[in-house]
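Before any comments, here is the structure.
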Amino acid sequence: LLDSSAVRPRFAADCRMFTESTATFAVFADGQIEQRGQIMREYRLLARTCFATATAFAVALGHAAGFNFTFDTDVQGWTRGDLGSTFATIETNSNGAATHAVSSGNGYLLGSDHAGYAYHFSPDLGGNHGGLFGQQLQYDFRSAGNGGNNPQIVLMSSTSYLVLQQTINASSGFVSYSHALDLSEPWYFNSSPYHQGGAAVLATNAQIQSVLGDLRFVGISTDIASGGDTTWTDNVRAVPEPTTLAALGIGLFALRRRRS
């Protein structure tokens, strides 16, 4: 016979996600478990369920991954590049590291017209950001000059890219922008009206999901006005909403119940 006081802590240590109600195999008539064979079968089942649930949770979190760049103390791997007119001509690091600046204790990227179509690009994000579909891409931005309806944001996967055009006006301080990562925003797939004119292709939800699932780089324009430019970029972020993570938790709880 096995003492329940010795077995139960092992379950708690091995798989804390299981509640007291999960251990329905225990019979506590005299503080002991009646059937050794039964507890071993249940222990093995719970161990398999715990492993499967933890694996599923890790995969789910990977697909729900996001990013948040605050630039408080440095450029966090961001570089100066050139958008180009096609995927093959986009250069994410043609001009070296971005320039970091601080004002009133707040760090940000200071931009200029450093290339043909100057952009700041994130470090490689490594893919697995499919959970951002339908969420918001947000950033704070300021330009010294007025711009037209030009490519402002680019999202790059290993093979494709999305472009969002936007009119940026001059401002004396940061302006917060937020864009939905789905077809409710006019994302263009492997093209833009600026470069391809009427041949530019609006992205479908499937194409947006494809790029996000293999998201490698985020780019934000620093080439706003005609002639020289000065731009400020801060707080670039896209993170799953709490409701998204809650839905993942509910799904994993259901998985646990089915397996147990």
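Side-chain contact between Leu125 and Ser122 is present, with heavy atoms from C-beta onward closer than 4.5 Å. In this structure the side chain of Ser143 never reaches within 4.5 angstrom of the side chain of Asn169, judged on heavy atoms. In this structure, Tyr139 and Val218 have side chains that are not in contact, with every pair of non-hydrogen atoms separated by 4.5 Å or more. Inter-residue side-chain proximity for Ser191 and Val163 is flagged as unmet; no heavy-atom pair is nearer than 4.5 Å. By the 4.5 Å heavy-atom criterion applied to side chains, Thr204 and Ile208 are not counted as neighbours. At least one side-chain heavy atom of Leu162 sits under 4.5 Å from a side-chain heavy atom of Trp187. In this structure the side chain of Arg142 never reaches within 4.5 angstrom of the side chain of Ile168, judged on heavy atoms.
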Residues 65-76, side-chain donor-acceptor partners within the protein, below 3.5 Å, at least two apart:
residue: Thr70; atom: OG1; partner: Asp72; partner atom: OD2; Å: 3.2
residue: Asp74; atom: OD1; partner: Gln76; partner atom: N; Å: 2.8
residue: Gln76; atom: OE1; partner: Thr70; partner atom: N; Å: 3.0
residue: Gln76; atom: OE1; partner: Phe71; partner atom: N; Å: 2.7

Problem set entry | Verdict with supporting geometry, Tyr117 and Tyr194, ring pair (Phe, Tyr, Trp, His ring centres under 6.0 Å) | CA-CA 11 Å; Tyr117 203 88; Tyr194 181 87; 5.3 Å; yes
For this session: Please report the C-alpha distance between Thr231 and Phe141 in whole Å, then the side-chain angles of each, then the deciding distance to 0.1 Å, and finally whether the side chain to side chain contact (heavy atoms under 4.5 Å, CB included) criterion is met.
Result: CA-CA 7 Å; Thr231 64; Phe141 193 79; 3.7 Å; yes
For this session: Step by step, work out the side chain to side chain contact (heavy atoms under 4.5 Å, CB included) result for Leu110 and Trp232.
Result: CA-CA 5 Å; Leu110 184 63; Trp232 298 255; 3.7 Å; yes
Exercise. Do Ser176 and Asp140 pass the side chain to side chain donor-acceptor pair (under 3.5 Å) test, and can you show the C-alpha distance, the side-chain angles, and the key distance before you say yes or no?
Worked result: CA-CA 4 Å; Ser176 296; Asp140 300 331; 2.7 Å; yes
Exercise. Are Gln138 and His179 close enough, and set up right, to give a side chain to side chain donor-acceptor pair (under 3.5 Å), and what steps lead you there?
Worked result: CA-CA 6 Å; Gln138 300 172 309; His179 302 288; over 6 Å; no
Exercise. Side chain to side chain contact (heavy atoms under 4.5 Å, CB included) between Ile224 and Ser221: does it pass, once the steps are laid out?
Worked result: CA-CA 7 Å; Ile224 305 300; Ser221 176; 3.9 Å; yes
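Across Glu91 and Ser94, no two heavy atoms sit closer than the pair OE1-CB, 3.1 Å. The two residues Asn95 and Ala115 come nearest to each other via the heavy atoms OD1-CB, 4.0 Å. Of all heavy-atom pairs between Glu185 and Ser178, the closest is OE2-O, 3.9 Å. For the pair Val211 and Leu155, the tightest heavy-atom approach, listed with the atom from each and the gap, is CG1-O, 3.7 Å. Summarising the geometry of Ala200 relative to Ser192, their closest heavy-atom pair is CB-C, 3.5 Å, with the distance given to 0.1 Å. Scanning all heavy atoms of the two residues, the minimum distance from Ala98 to Arg80 falls at CA-CG, 3.8 Å.
Looking at Ser157, its side chain does come within 3.5 Å of a backbone N or O of Thr159 through a donor-acceptor pair. Looking at Gln196, its side chain does come within 3.5 Å of a backbone N or O of Ser85 through a donor-acceptor pair. Side-chain atoms of Asn190 do not come within 3.5 Å of backbone N or O of Ser160 as any donor-acceptor pair. Under the 3.5 Å distance criterion, the side-chain polar atoms of Gln152 are left unmatched by any main-chain donor or acceptor of Gln165. Between the side chain of Thr222 and the backbone N or O of His120, no donor-acceptor pair lies under 3.5 Å.
By the criterion of side-chain heavy atoms lying less than 4.5 angstrom apart, applied directly or through intervening Ile, Leu, Val, Met, Phe, Trp or Tyr residues, Ile153 is not grouped with Met156; the two fall into different hydrophobic clusters. Following chains of ILVMFWY side-chain contacts shorter than 4.5 Å, one can reach Tyr119 starting from Phe217, so the two form part of one hydrophobic cluster. Leu183 and Tyr188 end up in different hydrophobic clusters when Ile, Leu, Val, Met, Phe, Trp and Tyr side chains are linked at under 4.5 Å. Phe189 and Ile90 are not part of a single hydrophobic cluster, where members link through side-chain heavy atoms under 4.5 Å apart.
From Asp113, atom CG reaches atom CG of Asp229 across 5.0 Å, with rounding to the nearest 0.5 Å. In this structure, OG1 in Thr92 is found 11.5 Å from CG in Leu83, a value given to the nearest 0.5 Å. To the nearest 0.5 Å, atom CG of residue Leu212 and atom NE2 of residue His129 are 9.0 Å apart. In this structure, Thr79 OG1 and Asp124 CG are separated by 10.5 Å, a value rounded to the nearest 0.5 Å.
The only member of Leu137, Val236, Val154 that meets side chain to side chain contact (heavy atoms under 4.5 Å, CB included) when paired with Ile220 is Val236.
Asn205 and Asp182 are not linked by any side-chain donor-acceptor pair at a separation below 3.5 angstrom, with hydrogens and angles left out of the test. A side-chain N or O of Arg216 and one of Ser158 form a donor-acceptor pair less than 3.5 Å apart.
By the 30° and 60° cut-offs, the orientation of the rings of Tyr108 relative to Phe174 is perpendicular.
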